[in-house]
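Every value quoted in this text rests on a predicted model; they were computed, and no experiment measured them. Below, chain A is the first sequence line, B the second, and so on; all start at residue 1.
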Protein chains: 2
Amino acid sequence: MMDARALRKGRPAAVTRKGRKVGRAATKPGMPKPAEKLALGALDGHLGYFLRRLQVAVFQDFIRTLAPVDVRPAQYSVLLIIEANPGRSQAAIGQALHIERARLARMLHELERRRWVERRDGDGRTHSLFLTGDGVTALARIKALAARHEQQLAGLVGPKRRKLLMDLMREFG
Amino acid sequence: MMDARALRKGRPAAVTRKGRKVGRAATKPGMPKPAEKLALGALDGHLGYFLRRLQVAVFQDFIRTLAPVDVRPAQYSVLLIIEANPGRSQAAIGQALHIERARLARMLHELERRRWVERRDGDGRTHSLFLTGDGVTALARIKALAARHEQQLAGLVGPKRRKLLMDLMREFG
DNA sequence: TATTGTTATACTCTATAACTATA
DNA sequence: TATAGTTATAGAGTATAACAATA
């Protein structure tokens, strides 16, 4: 298991052949300070604090891992939900993902510009959303990178803990 | 246990005496649509998706509950870390909470303006941070509201699950 | 040269409001 | 009158770069 810093910085923790971590001998110019640990105080009793910290670390790894395809978490979620529910309206997609319709409109313009998503007119005021052929092709590559990200996560928190966390949180998604 | 929507909207779910939820008879003007559930697709396998969803719901409850004192999660975390580590520098606080020094500088200006935090000059380029008397007084009220928020969270996810989630994530904070 | 704190800029995300065109 | 989609604006949060003062 890696430590959180390694995941955030995209650098594997130095480890001996026997699995013990190797500390830096001395502080070097480009490196951050030894980072003396402060007391958390009452913060230690707040679920939101830990949720936020882990969520930020996870998103940073996602963004770094998917940088080659320039896809951010929100875009990825929209592509997957369209894949799983082709032909639905923007309103339906937005409600499912809790994305404001204003924000979703701009995201879809971007996805349409990249030729990954197509909008067909519905009853006159609605648009039905589909992946294009290009979108399906791109999504295959994107999902492969997302799977790599998820593997890295399993390395960070441990496979069993990752599964446990997902099962604990799934009903609130 | 409440459902996520109840927490997000600050409205308790209508429940019969036998614990069954009561659905709306018909769609009313001000109310959102019935919200047909879409398939999550591959999103269902991503820890980050569930982490983000729960984290947003938790922060929204925090912000709403602490609205009377106008304190946001990041400000609250800074107040607590100063309380637990009086006299430390901005750099130390920022590293502990993963807040950029540029952002922390502006946050501290705001907290100083409200007379909650005091900066005493350190070795010439550092500032030592302390709560003022007003800060201690305000923090008592703030912590009481934060405790109410945490109680609401326990109601949302269940007390045992809340504790389990914290224990699973604590080492990554 | 490096660090601390500061200011400034840019981009993402969230939250609104206002507008159109349709129903 | 309500809904779907769009555009615009404002605020928080994040990520940089540049700068002055100090070590």
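Put simply, the side chain of Glu150(A) gets close to the backbone of Leu47(B): a donor and an acceptor are under 3.5 Å apart. A donor-acceptor contact shorter than 3.5 Å links the side chain of Arg161(A) to the backbone of Leu168(B). Under the 3.5 Å distance criterion, the side-chain polar atoms of Arg148(A) are left unmatched by any main-chain donor or acceptor of Thr65(A).
Between Arg72(A) and Ala92(B), the residue anchored closer to the 5' end of DNA chain C is Ala92(B), taking for each the nucleotide with the nearest heavy atom.
For dT6(C), the OP1/OP2 oxygens have a side-chain nitrogen or oxygen of Arg119(B) closer than 4.0 Å. In this structure, Gln90(A) does not reach the dT3(D) phosphate: none of its side-chain N or O atoms is under 4.0 Å from OP1 or OP2. Phosphate proximity of dT7(D) to His109(A): present, with a side-chain N or O under 4.0 Å from OP1 or OP2. Remark: Gln60(A) is in phosphate contact with dA15(D), judged by side-chain N or O atoms under 4.0 Å from OP1 or OP2.
How far OG of Ser89(A) is from CZ of Arg101(A): 12.0 Å, rounded to the nearest 0.5 Å.
With rounding to whole Å, Arg106(A) atom CZ is found 11 Å from dT14(C) atom P. Regarding Leu129(A), its CG atom lies at a distance of 12 Å from the C1' atom of dA4(D), rounded to whole Å. We find that CD of Gln75(A) is positioned 12 Å from C1' of dC13(C), with the value rounded to whole Å. Atom CZ of Arg103(B) is separated from atom P of dA17(D) by 19 Å (rounded to the nearest Å). In this structure, CZ of Arg64(B) is placed 11 Å from P of dA15(C), rounded to the nearest angstrom. Across the protein-nucleic acid pair, Ile99(A) atom CD1 and dT12(C) atom P stand 15 Å apart, rounded to whole Å. In this structure, Met107(B) places its CE atom 10 Å from P of dT14(D), rounding to the nearest Å. Regarding Glu100(B), its CD atom lies at a distance of 15 Å from the P atom of dT6(C), rounded to whole Å.
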Nucleotide by nucleotide, nucleotides 18-23 of chain D touches protein heavy atoms under 4.0 Å in the pattern (B base, S sugar-phosphate only, - none) B---BS

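Using bins of under 30°, 30° to 60° and over 60° for the plane-to-plane angle, the ring pair Tyr76(A)/Phe62(A) lands in the tilted bin.
Under a hydrophobic-cluster definition in which Ile, Leu, Val, Met, Phe, Trp and Tyr are linked whenever side-chain heavy atoms come within less than 4.5 Å, directly or via other members, Val78(A) and Val136(A) are assigned to the same cluster.
Between the side chains of Gln55(B) and Arg52(B), at least one donor N or O lies within less than 3.5 Å of an accepting N or O.
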